[in-house]
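Here the structure is laid out as structure tokens; the discussion comes afterwards.
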Protein chains: 2
Amino acid sequence: MVVVPASAAARGPEPPDEPAAEPRWLSTEERAAWMPFAALLFRLPAALDAQLQRDAGISHFEYMVLASLSEAGDRTLRMSDLAAMASGSLSRLSHVVSRLEARGWVRREPCPSDGRYTYAILTDAGFRKLAAIAPGHVEAVRALVIDALNARQLRQLGDISEIINGRL
Amino acid sequence: MVVVPASAAARGPEPPDEPAAEPRWLSTEERAAWMPFAALLFRLPAALDAQLQRDAGISHFEYMVLASLSEAGDRTLRMSDLAAMASGSLSRLSHVVSRLEARGWVRREPCPSDGRYTYAILTDAGFRKLAAIAPGHVEAVRALVIDALNARQLRQLGDISEIINGRL
DNA sequence: CGCCCATAATTGACAGTTCAACCAATCCGG
DNA sequence: CCGGATTGGTTGAACTGTCAATTATGGGCG
């Protein structure tokens with residue numbers, strides 16, 4: 001990934017009376033860190049998605065939905081909570097759950113006490129599917145990330161991720 | 001993001017005569033690093049995309065296409081090279097370049113010496129557009145990543161990213 | 001109570017991506 | 001040279017995600 005168009009950067013800082021302050025271009029060290037990280041941001045999700053698609057025929061987002069449900073007590077979550085856990089919009093989740101429902105892995109049920117809420121519930125078939133998929137996914141995560149780093153680097157990565165997450 | 005479905009993990013390792021070797025679930029420390037990183041992998045690209053979409057009306061991928069062209073000598077690249085630089089499929093690139101062409105920022109030209117190749121060329125209008133967009137994008141990258149970390153962390157992030165990239 | 005607003009979720013239309021089929025130019029073995 | 005294989009690129013259909021509009025329920029206030 002590229003942040004600074006080369007020829008634009010080559011022109012150097014703008015005159016100080018520009019309407020917008022002159023951009024603070026990245027230094028050499030900053031570029032040296034950002035460029036590989038930016039590439040990673042593209043390629044790693046794509047690689048993980050590809051593994052799930054190939055081995056299980058589902059997207060990473062669908063995996064997250066199933067996994068989130070499996071971790072909830074009685075495998076049930078409200079749609080909005082589920083959307084937050086899977087880091088997606090409610091609309092997207094609604095479409096996805098419709099597809100998962102059609103495949104028999106999830107079912108919907110209205111909340112008896114508050115009719116606005118809808119529960120998404122992981123079926124037994126859905127749980128079995130997830131149990132079949134999970135080992136392969138963990139293997140991929142290990143191969144690409146965990147086992148590629150030593151304990152210290154792994155801790156650094158976790159720390160750095162938490163810092164950046166704090167800015168979102 | 002969740003890798004291990006809780007109830008499945010709670011069952012412990014499988015008997016050793018399973019057809020597939022029992023999965024090596026993540027340890028507590030590994031999970032502690034992976035979960036925030038996985039969340040980052042979702043949210044950061046979304047945040048960068050949102051900034052470009054809001055401020056410039058283009059996707060991150062389109063930005064990469066324009067930026068890659070701007071860095072090439074005479075602002076020209078073959079379609080396949082451009083696809084590789086932008087980390088996307090040739091098909092996707094072809095559709096995107098069609099759109100950028102319609103907006104007047106890129107034009108196509110067949111290679112005179114080998115008719116199979118197609119050159120994508122950044123127009124002057126495209127270069128101006130990019131120059132207008134870049135500062136805002138750099139600002140976002142700074143705010144979310146670069147300025148959030150100290151020099152040591154930034155170096156660590158770069159190193160770690162290169163290691164993982166090496167596995168893709 | 002009755003009205004209005006906020007919230008939860010769904011829906012449909014549209015834009016973008018992927019996938020497979022296709023075309024066109026070059027390379028290369030006979 | 002000729003014909004198949006290869007490579008670069010495009011296209012269209014099916015699918016997925018996004019956005020805005022819509023429905024439905026519940027809470028609060030006069």
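Model, not experiment: these values are computed from the prediction. Chain A is the first sequence line, chain B the second, and so forth, proteins listed ahead of strands; every chain is numbered from 1.
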Picking from dT11(C), dG8(D), dT10(D), which would you name as closest to the side chain of Met79(B)? dT10(D)
In this structure, how many angstroms lie between the [atom2] atom of [N] and the [atom1] atom of [X], rounded?
X: Arg116(A); N: dT25(D); atom1: CZ; atom2: P; answer: 11 Å
X: Leu90(B); N: dA20(C); atom1: CG; atom2: P; answer: 15 Å
X: Glu101(A); N: dT11(C); atom1: CD; atom2: C1'; answer: 15 Å
X: Tyr63(B); N: dG16(C); atom1: OH; atom2: P; answer: 20 Å
X: Arg78(A); N: dT25(D); atom1: CZ; atom2: C1'; answer: 13 Å
X: Gln53(A); N: dT17(C); atom1: CD; atom2: P; answer: 16 Å
X: Ile58(A); N: dC15(D); atom1: CD1; atom2: P; answer: 18 Å
X: Arg54(A); N: dC19(C); atom1: CZ; atom2: P; answer: 12 Å

With no angle test and no hydrogens, is the base of [N] tied to the side chain of [X] by a donor-acceptor pair under 3.5 Å?
X: His95(A); N: dG12(C); answer: yes
X: Ser91(A); N: dT10(C); answer: no
X: Ser98(A); N: dT10(C); answer: no

Nearest-nucleotide wise, let me know which of Tyr117(A) and Phe61(B) is further upstream toward the 5' end of DNA chain C. Tyr117(A)
Starting at the 5' end of DNA chain D, which residue's closest nucleotide do you reach first, Gly115(A) or Arg92(A)? Arg92(A)
Using heavy atoms to find the nearest nucleotide of DNA chain D for Thr118(B) and Pro112(A) separately, return the residue whose nucleotide is more 5′.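 Looking at the nearest nucleotide for each, Thr118(B) comes out on the 5' side.
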Is any NZ, NE, NH1 or NH2 atom of the basic residue among Arg24(B) and Asp147(A) found under 4.0 Å from an Asp or Glu carboxylate oxygen of the other? yes
Is a salt bridge present between Asp49(A) and Arg54(A), judged by a nitrogen-to-oxygen distance below 4.0 Å?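 Here Asp49(A) does not pair with Arg54(A) in a salt bridge, since their nearest N and O are not under 4.0 Å apart.
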Between Arg99(A) and dG17(D), is there a side-chain N or O to OP1/OP2 distance below 4.0 Å?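 Answer is yes, contact under 4.0 Å.
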Presence of Arg108(B) side-chain N/O under 4.0 Å of dG9(D) phosphate oxygens OP1/OP2: no
Within a strict 4.5 Å, meaning less than it, do heavy atoms of the Leu69(B) and Leu130(B) side chains meet?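 When only atoms from C-beta onward are counted, Leu130(B) and Leu69(B) do not touch, as no gap falls below 4.5 Å.
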Is the cationic atom of Arg92(B) (NZ for Lys, CZ for Arg) positioned less than 6.0 Å from the six-membered ring centroid of Phe61(B) and within 45 degrees of its normal?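 Yes, Arg92(B) sits over the ring of Phe61(B).
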Atom of Leu100(B), atom of Glu62(B) and distance for their closest heavy-atom approach: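 Between these two residues, the closest heavy atoms are CD2-OE2, 4.1 Å.
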